[in-house]
S.K.: 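One structure, pasted below without further comment.
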Amino acid sequence: MSLKVYNSYTRKKEVFTSITPGHVGMYVCGPTVSGESHLGHARPYITFDFIFRYLTHKGYKVRYVRNITDAGHFEEEGKEAEDKVGKKAILEKLEPMELVQKYTNLFHWAMLQFNCVEPSIEPTATGHIVEQLNMIEKIIAEGYAYEVNGSVYFDLKKYAATHDYGKLSGRVMDDLLETTRELDGQQEKRDKADFALWKSAAPEHIMRWKSPWGEGFPGWHIECSAMATKYLGAEFDIHGGGMDLQFPHHESEIAQSTICNLHSPAKYWIHNNMITINGKKMGKSYNNVIKLTEMFSGNHPLLTQAFAPMTIRFFILQSHYRSPVDFSSEALLASEKALKRLWEAYEVLKKLNPGTEEPATDAALETKVLQWINEFDEFMDDDFSTAKILANMFELTPVINGIKDGHIAANAIAGSTLILLQKQFKIYLEDVFGLTYVTAADDETLHGVMQLLIDIRKESKAKKDYATSDKIRNQLTTLGIELKDEKDGAMSWNM
RNA sequence: GGUCCUGUGGCCGAGUGGCUAGGCAAAGCUCUGCAAAAGCUUCUACAGCAGUUCGAAUCUGCUCGGGACCUCCA
């Protein structure tokens, strides 16, 4: 079964074949660490995490490069946005790199909460100034960039005359030239659509580097091109990021790399859709940002409660990565409950005993179960349809629970099928989807104490001393421990 | 204004022209000292109008609504 991915560049689902057999190079645009990560950031990093995990599962050796933009995004914008890192540092009386470190640490912490696998290489923009300068010089030498007053701009008109600029984002060059914008440095550019490769630094800028054109800082797009080229080569397999980066960021990366490396950088462009809140994209300009720390603590007016990182991860997995997903407390609460139900079924499944190798006594059920299991791979191969796999898992949940409490005969499905079911649940829930479920089940002391309480409760129940048995259960509930009476008089618990 | 995407039941969301996911919520039942959990059952939707077709949520056109990008942005 071959993997198909939707390539934003061709706007088609294509069969995935890696450039180097057995290996995959994947570059994903990382965060700008000039502020705290918010819910919106969770989407791409969780999305590319399960893509990374799935490629690994399929046997590829993946080099996953995700940068840290720690130089601030120096756009040719107005002064406000000009040097985010430098500006905020003054206000907070911090060294720029101290600020960068703080938010980098916070980002890493959040990724850990989400159980995201660390990228193979996490290069920083400030650590690759030389590579960026080299690239800019090469673009100038090729005649596709020009220097004005210490700044260097990419000559888009010249590039577009012979190259397909705008293909990725579906933009027409003429429209871009028409667009009227009031941008800083506009007057020194040959054309309004030209983008900056290097910006001359005003005296107040803290972060600045020497260059052949004077002191300044790199443009927004060149860092990704430089780092991707360095670690993945002129052409690599996957370039990922949020949809909002298609233009101008990725479009510009294509132009830069095409001139420098004589090749469009990525074979497959994969873009995740946005998380919206009340139908609007989460962003600073909309004033609707929920930071991840606020999500985890519930400390935000839009949140009715705290939401665990795994709830958010599950919430994202429940929709297709190319669909927008609208956030609400209600939707997240639904995900929380769904995940709990699914995970408890998984715990039950792990304990089911396949027994001896017997043929299934319920052929119809056997067929359905096998179909649901086999579709896991099929769905994931079809452009990472995680939502459909989860739907199948929920179809299987009543079967698992049914076998457990005897509602469905243990031999209704074949032993081999049960083993396959266990294997596939493990692979997808844990290895590919990267879900975990925090329980105290590993704590042996707590286990012992719980067993004691359960024994006491059983004894009091046997004596019809319900006051005592209810007290035990109620007190545990207050502590966040849920005690369930099983059919056969046994008791189970979870936190 | 330009380019593109989108509109699915109370809510969230899959949906490759025919078999019309799944989750949450709600209701009933079973189990149960009670509860919780679990199981069974019920709730059948595709913005509107027209068209193509034997047949459309799925294709086409128009209308209305929402969104993204065009500016830092995941």
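Reminder, nothing fancy here: chain letters follow the sequence lines and each chain counts from 1. All of these numbers come straight from a predicted model, not from anything done at the bench.
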S.K.: Within this structure, what is the CG-to-P distance between Leu317(A) and rG23(B), rounded to whole angstrom?
M.R.: 16 Å

S.K.: Tell me the interatomic distance from His239(A), atom NE2, to rA74(B), atom C1', rounded to whole angstroms.
M.R.: 13 Å

S.K.: Between rU58(B) and rC62(B), how far apart are the two P atoms, rounded to whole Å?
M.R.: 15 Å

S.K.: With rounding to whole Å, what would you report as the distance between rG22(B) and rC40(B) at their P atoms?
M.R.: 12 Å

S.K.: Run the salt bridge (Lys or Arg N to Asp or Glu O under 4.0 Å) test on Asp470(A) and Lys461(A) for me, step by step, so that the C-alpha distance in whole Å, both residues' side-chain angles and the decisive distance to 0.1 Å come before the verdict.
M.R.: CA-CA 9 Å; Asp470(A) 283 352; Lys461(A) 273 186 72 171; over 6 Å; no

S.K.: Can you tell me how far P of rC69(B) sits from CZ of Phe247(A), to the nearest Å?
M.R.: 12 Å

S.K.: So what does Ala338(A) hit on the nucleic acid, given a heavy-atom distance under 4.0 Å: a base, only sugar-phosphate, or nothing?
M.R.: sugar-phosphate

S.K.: I'd like the C1' distance from rC4(B) over to rG9(B), given in whole Å.
M.R.: 29 Å

S.K.: Identify, with sequence neighbours excluded, every residue that meets salt bridge (Lys or Arg N to Asp or Glu O under 4.0 Å) alongside Lys340(A).
M.R.: Glu344(A), Glu482(A)

S.K.: For nucleotides 13-15 of chain B, give me every protein contact, N/O to N/O, under 3.5 Å, one pair per line with atom names.
M.R.:
residue : atom : partner   : partner atom : Å
rG13(B) : OP1  : Asp326(A) : N            : 2.8
rA14(B) : OP1  : His320(A) : N            : 3.0
rA14(B) : OP1  : Ser323(A) : OG           : 3.3

S.K.: Measuring only the C1' atom in each nucleotide, how far is rG66(B) from rU8(B)? A whole number of Å is fine.
M.R.: 14 Å

S.K.: Please measure how far the C1' atom in rA26(B) lies from the corresponding atom in rG33(B), and state the result in whole Å.
M.R.: 27 Å

S.K.: Which comes earlier along RNA chain B counting from the 5' end, the contact point of Ser169(A) or that of Leu39(A), where each point is its nearest nucleotide?
M.R.: Ser169(A)

S.K.: Of the listed nucleotides (rC70(B), rG22(B), rG33(B)), which one gets closest to any side-chain atom of Tyr466(A)?
M.R.: rG33(B)

S.K.: Quick check: on RNA chain B, is the nucleotide nearest Lys281(A) upstream (toward 5') of the one nearest Ala467(A), or the reverse? Name the residue that is more 5'.
M.R.: Ala467(A)

S.K.: Sort out for me which residue in Asn392(A), Asp377(A), Ile373(A), Thr386(A) forms a side-chain contact (heavy atoms from CB on, under 4.5 Å) with Tyr428(A).
M.R.: Asp377(A)

S.K.: When rounded to the nearest Å, what value does the distance between C1' atoms of rC64(B) and rA50(B) take?
M.R.: 15 Å

S.K.: Produce a footprint string for nucleotides 34-43 of chain B: one letter per nucleotide, 5' end first; B if the base is under 4.0 Å from any protein heavy atom, S if only the sugar-phosphate is, - if neither.
M.R.: BBBSSSS---

S.K.: Can you sort out the partners of Arg66(A) under salt bridge (Lys or Arg N to Asp or Glu O under 4.0 Å), two or more places apart, ordered by chain and number?
M.R.: Glu122(A)

S.K.: Given atom CE of Met243(A) and atom C1' of rC5(B), what is their separation to the nearest angstrom?
M.R.: 7 Å

S.K.: Only Watson-Crick and G-U wobble pairs, only distances under 3.5 Å, only runs of 3 or more: what stems does that leave for RNA chain B?
M.R.: B:1-7 with B:64-70, B:10-12 with B:22-24, B:26-30 with B:38-42, B:47-51 with B:59-63

S.K.: Might you confirm whether atom NZ of Lys484(A) has over 12 heavy atoms from other residues, nucleotides or ligands at distances under 6.0 Å?
M.R.: yes

S.K.: For a 4.5 angstrom cut-off between non-hydrogen side-chain atoms, does Leu197(A) reach Gln256(A)?
M.R.: yes

S.K.: Scan for salt bridge (charged side-chain N to carboxylate O under 4.0 Å, His left out) pairs involving residues 303-326 of chain A, sequence neighbours excluded, and state none if there are none.
M.R.: Asp49(A)-Arg313(A), Arg322(A)-Asp383(A)

S.K.: Under 4.0 Å between a Lys/Arg side-chain N and an Asp/Glu carboxylate O for Arg190(A) and Asp155(A)?
M.R.: yes

S.K.: Once you apply a heavy-atom cut-off of 4.0 Å, does Gln246(A) come out as touching a base, just sugar-phosphate, or nothing?
M.R.: nothing

S.K.: How would you list, by chain and number, every residue that makes a side-chain contact (heavy atoms from CB on, under 4.5 Å) with Glu395(A), sequence neighbours excluded?
M.R.: Trp372(A)

S.K.: Output the rounded distance in Å from NZ (Lys192(A)) to P (rG2(B)).
M.R.: 17 Å

S.K.: Pick out the pairs of N or O atoms, protein on one side and nucleotides 25-30 of chain B on the other, that lie under 3.5 Å.
M.R.:
residue : atom : partner   : partner atom : Å
rA25(B) : OP1  : Lys337(A) : NZ           : 2.8

S.K.: Looking only at atom C1', what distance separates rU53(B) and rU60(B), rounded to whole Å?
M.R.: 12 Å

S.K.: How close or far is atom C1' of rA21(B) from atom CD of Gln371(A), stated in whole angstroms?
M.R.: 12 Å

S.K.: Mind calculating the distance between CE (Met111(A)) and P (rA74(B)) to the nearest angstrom?
M.R.: 12 Å

S.K.: What does Gly40(A) touch in the nucleic acid at a heavy-atom separation under 4.0 angstrom: a base, only the sugar-phosphate, or nothing?
M.R.: base

S.K.: Taking the ring centre of each residue, are His221(A) and Phe195(A) less than 6.0 Å apart?
M.R.: yes

S.K.: Does this structure show an ion pair linking Arg457(A) with Asp485(A), if we count only N-O contacts that are shorter than 4.0 Å?
M.R.: yes

S.K.: So what does Met274(A) hit on the nucleic acid, given a heavy-atom distance under 4.0 Å: a base, only sugar-phosphate, or nothing?
M.R.: base

S.K.: Just to verify, what does Lys350(A) make a salt bridge (Lys or Arg N to Asp or Glu O under 4.0 Å) with, not counting sequence neighbours?
M.R.: Glu347(A)

S.K.: Output all residues satisfying side-chain hydrogen bond (donor to acceptor under 3.5 Å, both in side chains) with Asp455(A), sequence neighbours left out; order by chain, then residue number.
M.R.: Gln451(A)

S.K.: Applying ring pair (Phe, Tyr, Trp, His ring centres under 6.0 Å), can you list everything that pairs with Phe114(A), at least two apart in sequence or on another chain?
M.R.: Phe296(A)

S.K.: Applying side-chain hydrogen bond (donor to acceptor under 3.5 Å, both in side chains), can you list everything that pairs with Trp269(A), at least two apart in sequence or on another chain?
M.R.: none

S.K.: Provide the distance between the two C1' atoms, one in rG10(B) and one in rA25(B), to the nearest whole Å.
M.R.: 7 Å

S.K.: In whole angstroms, how far is the P atom of rC69(B) from the CG atom of Leu168(A)?
M.R.: 15 Å

S.K.: Please name the pair of heavy atoms, one in Arg208(A) and one in Ala202(A), separated by the smallest distance, quoted to 0.1 Å.
M.R.: NH1-O, 3.0 Å

S.K.: Just call it for Lys280(A): base, sugar-phosphate, or nothing, with non-hydrogen atoms closer than 4.0 Å on any strand.
M.R.: sugar-phosphate

S.K.: Any base atoms under 4.0 Å from Ile408(A), or only sugar-phosphate, or nothing? Heavy atoms, all strands.
M.R.: nothing

